[in-house]
Amino acid sequence: TPNTWAMLVYIPFALLYFFPALFLWRYASRIAELEALRGTHQLERALEAQKSFWKFVGVLTVVVLGLYVLALVVMLVVVIFA
């Protein structure tokens with residue numbers, strides 16, 4: 001049924017959005033610790049959490065761009081040899 005296909009498409013995207021949200025949640029909680037305690041250790045932990053978020057986003061961007069290039073190559077091959 002159409003709902004089953006929509007669910008099969010939605011689940012991977014939901015999982016994909018879970019990880020950046022988790023990294024941002026960690027960053028936010030560590031920023032709250034920093035505001036409460038005002039220590040350099042809390043600042044380092046907050047910056048490390050932010051670094052993890054941006055690293056994930058960067059890797060994800062490279063992967064998606066690679067998939068776009070792969071899709072383009074496949075479409076060109078299909079058009080040329082069809």
Side-chain angles (χ1 to χ4, degrees):
T1 66
N3 290 337
T4 304
W5 287 107
M7 184 181 71
L8 290 175
V9 170
Y10 179 75
I11 288 174
F13 282 106
L15 290 173
L16 191 64
Y17 276 94
F18 171 77
F19 292 105
L22 176 65
F23 290 132
L24 285 178
W25 177 76
R26 286 182 186 162
Y27 173 63
S29 64
R30 290 176 183 172
I31 285 292
E33 287 177 13
L34 174 63
E35 288 178 341
L37 300 174
R38 302 266 183 209
T40 57
H41 178 68
Q42 286 77 24
L43 176 61
E44 289 174 7
R45 288 179 41 136
L47 291 175
E48 186 64 35
Q50 188 182 47
K51 178 183 170 185
S52 296
F53 168 75
W54 287 112
K55 189 184 297 185
F56 179 83
V57 170
V59 168
L60 183 63
T61 301
V62 169
V63 168
V64 168
L65 288 175
L67 290 174
Y68 284 159
V69 169
L70 180 64
L72 180 64
V73 168
V74 167
M75 286 187 288
L76 287 174
V77 167
V78 167
V79 167
I80 290 172
F81 294 111

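Values in this document were obtained by computation on a predicted structure and should not be read as measured data.
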Partner set under side chain to side chain contact (heavy atoms under 4.5 Å, CB included) for F18, not counting sequence neighbours: L22
Tracing side-chain contacts under 4.5 Å among Ile, Leu, Val, Met, Phe, Trp and Tyr outward from L15 reaches M7, I11
Would a hydrophobic clustering, with Ile, Leu, Val, Met, Phe, Trp and Tyr connected at side-chain separations under 4.5 Å, put L70 with L16? no
So side chain to side chain donor-acceptor pair (under 3.5 Å) across residues 42-67, not counting sequence neighbours, yields none
Holding to side chain to side chain contact (heavy atoms under 4.5 Å, CB included), I want the full list of residues that pass it with V63, two or more places apart in sequence or in another chain. V59, L67
Which residues pass the side chain to side chain contact (heavy atoms under 4.5 Å, CB included) test with V77, not counting sequence neighbours? V73, F81
Let me check something: do L37 and L47 share a hydrophobic cluster, defined by ILVMFWY side-chain heavy atoms less than 4.5 Å apart, either directly or through other members? no
By ring-ring contact (aromatic ring centres under 6.0 Å, His included) - contacts of F23 (at least two apart): F56
Side-chain heavy atoms of V69 within contact of L65, under 4.5 Å: no
Identify every side-chain donor-acceptor pair in residues 27-36 under 3.5 Å, counting partners at least two apart or on other chains, and give the distances.
unit_1 : atom_1 : unit_2 : atom_2 : d
S29    : OG     : W25    : O      : 3.3
S29    : OG     : R26    : O      : 2.9

I need the full list of side chain to side chain donor-acceptor pair (under 3.5 Å) pairs touching residues 4-18, with sequence neighbours left out, sorted by first then second residue. T1-T4
